[in-house]
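Proteins get letters first, then strands, A, B, ... in listed order; numbering begins at 1 in each. Being a predicted model, the structure only gives us computed values, none of them experimental.
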Amino acid sequence: MYSVKEQDLGTPAPPAALGLAAPLVTLDVDGTTVTVPEGTSIMRAASLTGVQVPRLCATDSIKAFGSCRLCIVEVEGKRGFPASCTTLVQDGMKVRTQTPKLAQLRRGVMELYISDHPLDCLTCPANGNCELQDMAGVVGLREVRYGLKGANHLEAEKDTSNPYFTFDPTKCIVCSRCVRACEETQGTFALTVQGRGFDSVISAGGTDFMSSECVSCGACVQACPTATLMEKSLVDHGQPDHVVKTTCAYCGVGCSFRAEVKGNEVVRMVPDKNGQANDGHSCVKGRFAWGYATHKDRVTTPMIRKSPEDPWTVVSWPEALKYAASEITRIQAKYGQASVGGITSSRCTNEETWLVQKLIRAGFGNNNVDTCARVCHSPTGYGLKATLGESAGTQDFASVDHSDVILVIGANPTQGHPVFASRLKRRLREGAQLIVADPRTIELVRQPHVEAAFHLQLRPGTNVALANALAHVIVTEGLADDAFARARCDVAEYEKWRTFISLPHNSPEATEAITGVSAASVRGAARLYAGARNGAIYYGLGVTEHSQGSTMVIAIANLAMCTGNLGKPGAGVNPLRGQNNVQGACDMGSFPHELPGYRHVSDANVRAGFESVWGVILDPEPGLRIPNMFDAALEGTFKAIYVQGEDIAQSDPDLRHVDAALRAMECVIVQDIFLNETAKFAHVFLPGATFLEKDGTFTNAERRIGRVRKVMPSRSGMADWEITCALAEQLGYPMHYEHPSQIMDEIASLMPTFTGVSYEKLDKLGSIQWPCNATAPDGTPTMHVGEFVRGKGKFIITEFVATEERVTPMYPMLLTTGRTLSQYNVGAQTRRTENVRWHSEDVLELHPHDAEERGINDGDWVMLKSRAGETRLRADLTQRVQPGIVYTTFHHPITRANVVTTDLSDWATNCPEYKVTAVQVRRAPNQGAPVEAK
Amino acid sequence: MSPAKLARMANQIGAFFASEPDHALAVEGVASHLRRFWEPRMRHQLVAWVVDTGGPDLSPLVLEAVQTNRARLTTLTPRNGPK
C-alpha cells in the first residue's frame with residue numbers, strides 16, 4: 001500500500017502475447033463507454049474510466065482472487081452480483097457499479113469485517129492510509145449490527161521479529177493479498193492461510209516471520225491493505241508528506257523506488273510499480289536497508305594526514321582539495337605523468353564516473369583509470385565486444401517472460417539479483433525449462449514450484465570445457481541453427497569453429513573427466529537448450545572470475561549464435577551485473593584502454609572528438625589496470641591513486657599484495673561515505689554522498705539508464721560530482737557544471753550510443769535502454785536485431801586451458817566465493833543496517849564428508865589457508881557444496897576472505913580468479929574469538 | 001613489474017591464441033593483444049626482458065610474437081597535434 005497514493009487499477013493487465021495485440025472489447029460502465037483488451041477484468045475497465053469499484057482483496061500487482069465480495073457489480077442480463085475483479089469484460093456488456101442493492105450488500109460485507117477489527121483508527125499507524133478505513137467510508141458504514149463483543153481475533157499476538165516490519169494479526173482481514181504477493185510477486189511461498197472459516201489466519205509457516213522462509217522482500221507489506229503488515233519506520237515516523245522517484249543503489253537490477261519522505265527524512269522506500277526494471281518489486285536490501293545513509297559511522301568532513309600511521313586531521317573542503325591536488329602535482333613532477341591514476345566507482349552515478357575518468361585522462365594526462373568491473377565483469381566487456389560487437393547484455397529483463405529454456409551459468413540470482421530472480425521463477429512456474437550450471441546446489445536448482453531439468457554441477461575452473469561440450473553436442477547432433485549462423489555470422493569463422501568444436505576432445509564423454517559432469521547430462525542439457533524456441537543464457541561472476549573468464553564469455557556467445565538465440569525477445573546473452581552502476585561505469589570509459597563508449601584510446605579520430613570538447617591532447621596509449629597499478633606501485637613507478645567509492649583493500653584479491661601496494665604509494669585519496677578498509681592506507685579522505693543525496697543516473701544490467709534523484713541534502717555539503725569538479729579545479733583543469741544534467745548532455749554529445757539521452761527524455765520515458773540515438777530514439781530493449789553491432793557475428797575458438805591453480809597435497813580443496821541475499825559486496829552499507837541479523841559473519845560452507853575427515857563440527861572455527869594467505873571463520877556444514885569444494889562470502893572485513901584468493905587472473909582482462917583457489921581447511925586450534933586474517 | 005609475472009600473463013594470452021589453426025594469425029593475436037591492452041611500461045619491460053634473457057619462460061608462440069613485434073610493442077602511438 002502506498003502512503004502517497006498511486007492509481008491502483010485493481011487487477012493486472014491481461015497477459016499480452018508476444019508481438020500480438022489483444023483483440024479489443026467495448027463495454028459500458030455506469031453509462032461510460034470504455035474499450036479495453038480482451039481478458040481485462042470489469043474492475044480494471046471501470047478503473048480506467050475513473051470509476052473505483054470498492055474492493056479489499058484486489059490490487060493490480062497480483063491476480064484477482066474474488067474473496068472479499070466488496071467489488072460486486074450488476075451486469076445487465078446476468079443473474080446475481082458477480083465480483084468485478086474476477087469477471088472479465090465482454091463486448092457490449094453493461095455494468096452498474098453503484099445501485100441501492102449493491103450498496104446494501106457492500107455495507108453488510110463491511111459490517112462483518114469491522115466486527116472483528118480494532119476500532120483504534122486514531123492511533124493506528126495506517127490512519128489516513130488504510131484501505132479498510134477508506135472502504136468503510138466509501139460504502140457508508142454507519143453501524144455494526146453484530147456489535148464488537150463477539151468472537152474475534154483482537155487478542156492475537158503481534159509479531160515484531162522481523163527488523164523492518166511488524167505483523168499485527170489483530171488488524172488482519174485475511175484478504176490473502178500478502179500470501180498471493182509472496183507467491184506471485186516474490187515466488188517464495190513463505191506465507192499461507194492457516195485454518196478454515198473464522199479460524200483462518202495468515203501464517204509464516206507456523207512460526208514467526210524471522211524464523212520462517214520469508215526473505216523480507218516487502219511484497220507482503222506492499223500488498224497489505226491495512227496496518228497488519230507495516231514498516232517499523234512508518235510506525236515510528238508517521239505518514240510521509242512527499243515522494244521522490246529514484247533508482248536503487250544496490251545490485252545491477254536497478255530497481256526504481258519511490259522514496260517516501262517527511263521533510264528531509266526518508267520514512268520508507270517503496271518499489272515503483274511503474275519501474276521498468278522491477279515492475280513494483282523489491283528485495284530486502286533496496287526496500288529496507290537504506291539506514292546506512294544516516295548511520296553514525298558516516299564521515300562528513302574532509303580529513304588529511306601525512307602518513308597512514310598519523311591520526312586524521314579534520315580540515316575544510318578547500319584545504320583538503322588543495323592538499324590532494326598539490327600531492328598529485330608533486331608526485332607527477334617527481335615520478336612522471338604516468339605515476340598517478342584513479343578508480344571510478346560502480347556505486348556512483350554515470351555522471352560522477354564520467355567526471356573521474358575525464359579528470360584522469362584530461363587532468364592527470366594519462367589513461368590510468370580503472371573500475372571495479374576489473375574484478376567482476378571485465379571479461380564480459382571483452383568477450384561480447386569480440387563476438388557480438390557490444391560490451392553489454394543483449395536483452396531487457398522482460399525478455400525472460402518469453403523464454404522457453406533458461407540456462408543459468410555461474411550466477412545465483414535469488415541471492416545476487418533477487419528481483420530478477422522473482423521474474424525468472426515466475427516464468428519457470430509458467431512452464432519454462434531450467435538448466436543450472438554451478439558447482440553449488442544453488443536455490444534455483446530446487447525450490448517450491450521450481451526445479452531445474454539439469455543441474456550441471458561442474459568442478460570450479462572447468463566452465464569452458466563444459467560450454468565446449470554443450471556446443472559439441474549441438475553441432476555434431478545437427479541441432480545448430482545453421483541458417484541463422486550462416487546468414488548472421490562470418491561464415492569462414494563459423495566453419496573454423498565448427499571444425500574445432502567437433503573435435504573428439506570437446507565431446508561430453510571426453511570432458512566428463514575434467515568437469516565432473518556426466519556426458520548424459522551434458523547431452524540432455526544441450527538438446528534442451530538447442531531445441532528451445534527461445535533459449536536464454538543468464539550468467540554471473542561464476543563465468544567471469546576465472547583465468548578463462550573471457551574465453552567463457554566468448555563460448556557463451558558462440559552457443560547463442562549457433563542456436564540462433566540472439567536478436568529476439570526471450571533469447572540472448574545476459575550478464576547479471578553485480579553493482580548498481582557497473583554497466584554504467586564501463587560505458588562511461590572507466591577502462592584504461594577505452595574511451596567512453598568502448599572505443600580504443602589508440603583511435604585518433606575518437607580522441608579528436610574528446611579533445612575538441614575537453615580542450616586537451618589525450619594520451620593514445622592504454623593505461624594501467626587495477627592489478628597493474630598495484631604491481632607498479634610495488635616497483636616504485638606508481639605513487640598516487642584517487643579512489644572514488646571502491647574498497648579495494650577488501651574487495652580485491654590477494655589482499656596482502658594490495659595492502660603492500662597501497663602502503664608503497666605516497667598519496668592515496670579515498671572518497672567514500674565511510675572510513676573503509678582502503679581508507680586505512682589513505683592520506684586524504686573526501687566524504688562522499690549516498691545515492692539519496694544527489695542527482696544523476698545509474699545504468700543497470702539491461703543497459704537501462706534510470707534517474708537518481710536527490711532525496712535529502714548531502715551530509716558533507718557536496719555531491720560526489722561536485723567533489724571531483726572541485727579537485728579538478730585545484731589541479732588547474734576546471735570542469736564547470738551547474739547540474740548533472742549538463743554532464744549528461746556532454747556524455748550525449750560524445751557517445752554515439754547516448755546521443756538521444758537527456759534528463760528531459762528520462763523524465764518523460766521513465767528510463768531508457770541504450771543505444772538511444774537517431775536510429776533508436778526511445779532506446780533499445782533487444783540488441784542485435786537483424787544485424788550484430790559488429791556486422792557479422794564472430795565465432796571464436798575457445799580451447800579449454802586448465803587454470804594454474806591446482807589442488808595439491810598441501811592445498812587439497814578448492815575454494816569458490818560468492819554473495820548472499822542480505823549483504824552487498826564488501827558490506828559497507830548493509831553491515832550498517834539490520835541486515836546483519838541474517839548474515840552477521842562470513843562462514844565457510846563445507847561438505848559433511850570433508851568436515852568429518854577433519855574433525856570439524858557445524859559452527860566450529862576453522863582455518864582456511866591458501867598459498868596467498870590465511871583466515872579464520874566458522875564452518876557451515878552443508879550439502880550445497882560438493883565434497884572437495886568449500887565456499888564463502890566476502891562481506892565482512894574481519895574475515896577478509898580475499899586474503900586467501902590469489903593473484904591469478906583472466907588472460908585477457910586480468911579479472912581475478914576469485915572462483916578457484918586451492919586451500920586447506922582445518923579445525924582452528926583455539927575455538928575462542930576470531931583472529932584477524934593475515 | 002616482475003618478469004615472472006609478465007611472462008605468466010603473456011603465456012596466458014599465448015595459450016588462448018595457440019588454438020588458432022593459422023599460425024600467423026596466432027602470432028598476430030598475441031602481439032595485437034599485448035599492444036592494445038598492456039600499458040607501455042609493461043610492454044617495454046617484457047620486451048627488455050626478452051632482449052636481455054631470451055625470454056626463457058615464454059611459450060614459443062609468445063616469444064615469437066614478442067621477437068617479431070619488438071618495434072610495434074615499444075613504439076608509442078603519436079599523439080594528435082594541437083588544433
Side-chain angles (χ1 to χ4, degrees), chain A residues 336 338 341 366-368 382 496 499-500 503 547-548 550-551 554 591-594 600-605 607-608 610-612 615-625 627-635 637-638 796-804 903-910, chain B residues 1-49 57-62 65 69 71-83:
Chain A
N366 63 50
N367 290 314
N368 292 333
Y382 180 88
K496 190 158 69 176
T499 302
F500 159 76
L503 293 171
S547 61
Q548 278 203 293
S550 293
T551 314
I554 292 168
F591 287 141
H593 66 287
E594 286 173 334
H600 201 270
V601 293
S602 63
D603 187 321
N605 289 331
R607 287 200 314 280
F610 285 90
E611 288 166 348
S612 66
V616 293
I617 302 298
L618 295 173
D619 184 353
E621 290 290 341
L624 294 167
R625 300 162 172 174
N628 309 148
M629 292 179 193
F630 296 149
D631 290 339
L634 288 168
E635 76 169 7
T637 62
F638 188 80
I796 298 175
I797 290 174
T798 54
E799 188 72 81
F800 170 66
V801 178
T803 173
E804 292 175 30
D903 65 345
L904 287 174
S905 64
D906 173 47
W907 68 269
T909 65
N910 280 145
Chain B
M1 285 168 233
S2 91
K5 197 164 193 174
L6 292 173
R8 187 175 75 193
M9 288 163 53
N11 282 340
Q12 281 185 281
I13 296 166
F16 176 80
F17 288 101
S19 55
E20 168 57 53
D22 184 329
H23 181 70
L25 285 180
V27 172
E28 169 57 23
V30 174
S32 174
H33 192 90
L34 291 171
R35 185 67 188 83
R36 289 177 66 81
F37 292 96
W38 280 28
E39 199 256 3
R41 78 190 85 173
M42 296 166 65
R43 301 197 310 260
H44 282 103
Q45 287 173 355
L46 180 69
V47 171
W49 177 69
D57 299 332
L58 292 179
S59 69
L61 175 62
V62 175
N69 288 277
R72 182 179 169 198
L73 292 172
T74 51
T75 305
L76 296 179
T77 306
R79 292 174 181 245
N80 288 339
K83 296 290 180 289

(request) Look at the side chain of Q12(B) and the backbone N and O of S905(A), then say whether any donor-acceptor pair between them is shorter than 3.5 Å. (result) yes

(request) Please lay out, stage by stage, how M42(B) and R625(A) fare under the test side-chain contact (heavy atoms from CB on, under 4.5 Å). (result) CA-CA 11 Å; M42(B) 296 166 65; R625(A) 300 162 172 174; over 6 Å; no

(message) With heavy-atom distances below 4.5 Å as the criterion, would you say the side chains of I797(A) and P21(B) are in contact?
(response) yes

(message) With heavy-atom distances below 4.5 Å as the criterion, would you say the side chains of R43(B) and P622(A) are in contact?
(response) yes

(message) Among H593(A), E804(A), Q548(A), which residue has the highest count of heavy-atom pairs closer than 4.5 Å to chain B?
(response) H593(A)

(request) Select one option (side chain, backbone, both, neither) describing which atoms of N910(A) are under 4.5 Å from chain B's heavy atoms. (result) side chain

(request) Answer with side chain, backbone, both or neither: which region of T637(A) has an atom nearer than 4.5 Å to a non-hydrogen atom of chain B? (result) both

(message) Quick check on I796(A) against chain B: is it the side chain, the backbone, both or neither that has a heavy atom closer than 4.5 Å?
(response) side chain

(request) Side chain from CB out, backbone as N, CA, C, O: work out which of these in D903(A) comes under 4.5 Å of a heavy atom of chain B, or both, or neither. (result) both

(request) Among T798(A), L904(A), T909(A), N367(A), single out the residue with the greatest number of heavy-atom pairs under 4.5 Å to chain B. (result) L904(A)

(message) For a quick check under 3.5 Å, do E611(A) and N80(B) share a side-chain donor-acceptor pair by atom type?
(response) yes

(request) Could you check R41(B) against L624(A) for side-chain contact (heavy atoms from CB on, under 4.5 Å), going step by step and ending with a plain yes or no? (result) CA-CA 9 Å; R41(B) 78 190 85 173; L624(A) 294 167; 3.6 Å; yes

(message) Quick check on E799(A) against chain B: is it the side chain, the backbone, both or neither that has a heavy atom closer than 4.5 Å?
(response) both

(message) Taking 4.5 Å as the heavy-atom cut-off, does anything in residues 4-11 of chain B contact chain A, and if so which residues?
(response) K5(B), R8(B), M9(B)

(request) Identify which of N368(A), D619(A), L618(A) forms the greatest number of heavy-atom pairs closer than 4.5 Å to chain B. (result) D619(A)

(message) Among residues at least two apart in sequence or on other chains, which ones pass side-chain hydrogen bond (donor to acceptor under 3.5 Å, both in side chains) with R36(B)?
(response) none

(message) Do the side chains of K496(A) and E20(B) get close enough for a salt bridge, i.e. N-O under 4.0 angstrom?
(response) yes

(message) Parallel, tilted or perpendicular, judged at 30° and 60°: which one describes the rings of W907(A) and H33(B)?
(response) tilted

(message) Is T499(A) close to chain B through its backbone or its side chain, or both, or neither, when contacts mean heavy atoms under 4.5 Å?
(response) neither

(request) Determine the minimum heavy-atom distance between P620(A) and P78(B), stating which atoms define it. (result) CG-O, 3.8 Å

(message) Heavy-atom cut-off 4.5 Å, strictly under: side chain, backbone, both or neither for F16(B) against chain A?
(response) side chain

(request) Pick one of side chain, backbone, both or neither for Y382(A), based on which atoms fall under 4.5 Å of a heavy atom in chain B. (result) side chain

(request) Tell me, for E594(A) versus chain B, whether the close heavy atoms (under 4.5 Å) come from the side chain, the backbone, both or neither. (result) neither

(message) Which atoms of I554(A) are under 4.5 Å from chain B, going by heavy atoms: the side chain, the backbone, both sets, or neither?
(response) side chain

